[in-house]
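The structure appears right after this line, and notes come after that.
Each chain gets a letter, A, B and so on, in the order the sequences are listed, and its residues count up from 1.
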Amino acid sequence: ETAEGKKDEL
Amino acid sequence: MNIFRFLGDLSHLASIFILIHKIQTTRSCRGISFKTQAVYVAVFVTRYLDLFTTFVSVYNTSMKIFFIASSCYILYLMKVRFRPTNDPSIDTFRVEYLVGPCAVLALIFNYGYSVTEVLWSLSIFLESVAILPQLFMLQRTGEAETITTHYLAALGAYRALYIPNWIYRYFSEGYVDPISVTAGLVQTGLYLDFFYVYFTKVLQGQKFELPA
C-alpha cells in the first residue's frame with residue numbers, strides 16, 4: 001500500500 | 001495516529017505559537033524571514049486543497065485550517081501590524097531558486113497527474129526547503145534571539161519526529177509514502193547544523209551565536 005489516495009498526514 | 005506523529009504535530013503547533021508569541025511580546029518580527037513565512041502559506045494552501053474533498057478526521061481538518069489561518073496571520077503581522085520591524089534588506093535569499101526546482105520535481109515525482117496531486121507534491125518539496133531563507137538570514141546576521149531559536153527548534157523537531165512515525169507505519173501498516181519520506185529526510189537534514197548549535201549553546205543557557 002502506498003500513499004496514493006491515502007493522505008492522512010499533515 | 002501514533003505517538004511520534006502526534007508529538008510531531010504538537011511540536012509544529014508549538015512552533016507557530018512560539019513565533020506568534022515572539023512577535024507579539026517583542027512587538028517586532030526582527031530576525032524572522034518573511035520569505036520563509038510566505039513559502040509556508042503556499043505550502044499549506046497547496047497541500048490542504050483536499051480540505052474540500054476529503055475528510056479524514058476532526059483532528060485532521062482542524063489542524064489544516066489552523067495551519068492555513070495561522071500562517072496567513074503571521075504574514076499579516078509581518079507586513080501590516082509590525083511592518084516597520086521587518087527588514088527586507090537582510091532577507092535576501094532568492095525564493096525562485098527554491099520554487100523552480102521544486103515545481104520540476106513535483107512534475108516528475110507525484111502520485112498522479114492531476115492538479116491536486118502535483119500541487120500536493122510541490123507542497124511537500126517546497127516545505128522541505130522552506131526554512132532556507134530563514135537559515136540564510138541567521139547565517140548572515142550570525143546571531144538570533146533565544147525565542148527565535150526555540151521556534152526553529154520546534155519547527156525542526158516536527159519533521160524529525162515524522163521520521164520514526166514513517167518507520168512505525170511501515171512496520172505496522174506496510175504504509176510507505178516515498179515522496180514525504182525523501183523530502184522529510186532532506187528537511188530534517190537542513191536543520192542539523194542549527195540543532196548542533198541549539199543543543200550545545202542555547203540549551204546550555206548561552207546566546208545563539210555563530211562562530212565568526
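Of all the listed residues (B:Arg5, B:Met63, B:His12), the one sharing the greatest number of non-hydrogen pairs under 4.5 Å with chain A is B:Arg5.
The 12-atom threshold is exceeded at CD of B:Gln24, counting heavy atoms of other residues, nucleotides or ligands nearer than 6.0 Å. Atom CZ of B:Phe195 has more than 12 heavy atoms from other residues, nucleotides or ligands within 6.0 Å.
Atoms OG and CG, on B:Ser180 and A:Leu10 in that order, are 11.0 Å from each other to the nearest 0.5 Å.
The contact between B:Phe67 and chain A is made entirely by side chain atoms (from C-beta outward), counting heavy-atom distances below 4.5 Å. At a 4.5 Å heavy-atom cutoff, B:Tyr170 makes no contact with chain A through either its backbone or its side chain. Residue contact with chain A, scored on non-hydrogen atoms closer than 4.5 Å, is absent for B:Phe55.
Classification of A:Lys7 and B:Glu117 as a salt-bridged pair holds, one side-chain N sitting under 4.0 Å from a carboxylate O.
Between the side chain of B:Asn60 and the backbone N or O of A:Asp8 there is at least one donor-acceptor pair closer than 3.5 Å.
Checking A:Glu9 against B:Asn165 by side-chain atom types alone, a donor-acceptor pair falls below 3.5 Å.
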